[in-house]
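Along the sequence shown, the residues carry numbers beginning at 1. Any value given below was found using the heavy atoms of this structure, including those in side chains, with hydrogens, waters and symmetry copies removed.
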Amino acid sequence: MATMARANSGPAYPERFYAAASYAGFDGSPNSNTKDIASRFSNDVALILYALYQQATVGPCTVPKPSSWSPVEHSKWKSWQQLGNMVSIEAMRLFVKILEEEEPGWYSRASNSVSEPVIDVQMNHNSNVEPIIENRNSFAETKIISAENGGLMETQDKDVVSEGLGSIVVYDKWISPPVIGQRPKARYQHGAAVVQDKMYIYGGNHNGRYLNDLHVLDLRSWTWSKVEAKVVPKSVESPSLVNIAPCAGHSLIPWENKLLSIAGHTKVPSETIQGKAFDLQTGTWSVLNTYGKAPVSRAGQSVTLVGTTLVIFGGQDAKRTLFNDLHILNLETMTWNEIDAVGAPPSPRADHAAAIHAERYLLVFGGGSHATCFNDLHVFDLQAMEWSRPTQQGEIPTPRAGHASVTVGENWFIVGGGDNKSGKCLALKSNRRLNMFLDFPGYT
């Protein structure tokens, strides 16, 4: 049934973006995107607004990484660099969308409360909002529909689909993209990492057999292909090739122009964690030569990139001994350090999820031991070197291990895993604001 409603209209793009940028404090001057913006928004929001503003006005990040270590400058560069080749109009729309989520009435305040023109919109309550197609990309058209009495009647918002995902449109549901090419054989306990518009998977376990193959999925064309990797000699003096042993339960981390494979089980176990690197430009594998006391060999650990360091937590060795220790690998010096933490750490576990928040707090959720799975949340302060356990709010995800997770802005998404009881795969999505986890003294 069609009804007449009124939709709040505003300037079209790019004018709407520039109005939003000016309102947020980005006036185009060199210092307009630092203190003022950071004081108005949370750290995460300020960073993504900065990155989107740069992407929209300058384009993809081509400036070199800051040479001197400054957490603020490094975070700004990293946020911008991670946007890859996102087109300008998409960055503009995401900027406005985030601002509207943070300050819903920004445009009326920016316009000094001048009433916006009202247009009649014919709408059907059972219909979906149609996407806007620009340069073969799908974007959300958010319509705030108000009833005749001025009250809010309905808000419909379609998820933004990035440039790399072609014309696929998402409405909060799982989809199966039309993948073509040579698919990898079925596996689990493999490593996966996304670099720009490609997803790489390496190794894993196939029917009890460890693998060492490397495959790539082009996220623009949805095409799988196998990477015919090469290996480099140990040294000029010793021209024999390095041994890239098949492995499973490792972690695959993008770093500069490389993929780092850290830890994991192999057919012939080593005493300490082993690392190797795949150079994306030369297509070659090499062994990471590290210094200091390396952690005990393990799999099912979490490896989290924080600045120029990797933070390794937990896992279990080939004898099924579980760990809850913390280690850091400095990627600039390739030196290992064990963290002497205070506070009560998580119990020993493997196959948990970990994420970094505000370049300072390491979050650890779930995982399993030999007898049970967990749904506890722990936070490690990388500055104070202290563990704590915040109070979780809302609908807490059920206990699980082997789940996947990813942070998007201030949201941490948890999906899948098993509970070690029914053996089922749990396809739940946990959408939690990280501020809810961290909004208490010491974590603001």
Side-chain angles (χ1 to χ4, degrees), residues 24-26 33-55 61 65-66 68-83 94-95 98-99 101-103 253-255 302-313 326-332 337 339 341-343 345-346 352-366 376-394 405-414 430-444:
F26 294 85
N33 44 34
T34 54
K35 287 186 177 180
D36 293 342
I37 287 81
S39 65
R40 294 181 56 182
F41 305 98
S42 67
N43 289 340
D44 284 346
V45 172
L47 278 175
I48 191 60
L49 287 178
Y50 163 81
L52 290 169
Y53 178 82
Q54 293 295 98
Q55 192 82 5
C61 179
K65 185 173 70 173
S68 60
W69 174 245
S70 166
V72 173
E73 292 304 314
H74 185 275
S75 296
K76 288 166 61 179
W77 178 87
K78 182 180 178 182
S79 297
W80 183 13
Q81 191 265 345
Q82 285 180 338
L83 294 180
L94 282 175
F95 184 102
I98 291 172
L99 181 62
E101 290 175 350
E102 294 295 318
E103 299 189 25
I253 308 295
W255 168 250
S302 61
V303 179
T304 309
L305 180 64
V306 185
T308 57
T309 62
L310 295 179
V311 181
I312 290 87
F313 170 75
L326 273 168
H327 298 263
I328 283 183
L329 176 62
N330 187 314
L331 294 174
E332 294 183 327
N337 289 290
I339 298 177
V342 298
H352 50 280
I356 192 69
H357 175 59
E359 294 293 305
R360 174 174 176 176
Y361 303 106
L362 178 73
L363 287 79
V364 173
F365 173 79
D376 49 352
L377 174 69
H378 298 261
V379 176
F380 182 73
D381 187 330
L382 288 163
Q383 291 185 13
M385 296 298 180
E386 182 178 8
W387 282 108
S388 63
R389 186 172 176 180
T391 301
Q392 301 183 67
Q393 303 179 35
S405 75
V406 64
T407 56
V408 180
E410 291 191 346
N411 294 292
W412 191 18
F413 293 87
I414 308 291
S430 172
N431 183 352
R432 302 267 188 257
R433 295 284 292 182
L434 290 187
N435 282 345
M436 292 177 64
F437 290 156
L438 303 175
D439 189 14
F440 51 86
Y443 294 94
T444 57

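Partners of Leu331 by side chain to side chain contact (heavy atoms under 4.5 Å, CB included), not counting sequence neighbours, listed by chain and number: Trp255, Leu260, Leu305, Leu310, Leu329, Met334. Here Phe365 pairs with His403 under the ring-ring contact (aromatic ring centres under 6.0 Å, His included) rule; sequence neighbours left out. Partners of Glu103 by side chain to side chain contact (heavy atoms under 4.5 Å, CB included), not counting sequence neighbours, listed by chain and number: Tyr23, Arg40, Phe41, Trp106, Arg109.
Closest approach of Ala355 and Thr304 over heavy atoms only: C-CG2, 4.3 Å. Asp376 and Arg389 make their closest contact through CB-NH2, 3.2 Å (heavy atoms, listed as atom of the first residue, atom of the second, distance). Contact between Val311 and Ile328 at its shortest, heavy atoms only, is CG2-CG1, 4.1 Å. Looking at every heavy atom in both residues, Gln55 comes nearest to Cys61 through OE1-N, 4.2 Å. Listed here is the closest heavy atom pair of Ala354 and Ser405: O-OG, 4.1 Å. For Val406 against Trp412, the heavy-atom pair with the smallest separation is O-CD1, 3.4 Å.
Proximity of Pro390 to Leu377: side-chain heavy atoms (C-beta onward) are separated by under 4.5 Å at one or more points. Contact of the Arg360 side chain with the Asp381 side chain is registered, since non-hydrogen atoms from C-beta on lie closer than 4.5 Å. Using a 4.5 Å heavy-atom cutoff, the side chains of Tyr361 and Leu382 are not in contact.
Expressed to the nearest 0.5 Å, how far CD1 of Ile339 lies from CD1 of Ile312 amounts to 8.5 Å. For the atom pair OG1 (Thr407) and CZ (Phe413), the distance works out to 9.5 Å, reported to the nearest 0.5 Å. To the nearest 0.5 Å, the span separating NE2 on His352 from CG on Leu363 amounts to 12.0 Å. The distance from the CD atom of Glu73 to the NZ atom of Lys76 is 4.0 Å, given to the nearest 0.5 Å. Glu102 contributes atom CD, which lies 11.5 Å from atom CD1 of Ile48 (distance to the nearest 0.5 angstrom). Atom OG of Ser79 and atom CD of Glu359 lie 8.0 Å apart (nearest 0.5 Å).
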* Please walk me through it: do Leu326 and Leu362 pass side-chain contact (heavy atoms from CB on, under 4.5 Å)? -> CA-CA 11 Å; Leu326 273 168; Leu362 178 73; 4.0 Å; yes
* **Full working for side-chain contact (heavy atoms from CB on, under 4.5 Å) between Leu52 and Phe26** => CA-CA 11 Å; Leu52 290 169; Phe26 294 85; over 6 Å; no
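Between Phe313 and Phe380, the distance from one ring center to the other does not fall under 6.0 angstrom.
Note: Tyr53 and Phe95 have tilted aromatic rings, judged against thresholds of 30 and 60 degrees for the angle between ring planes.
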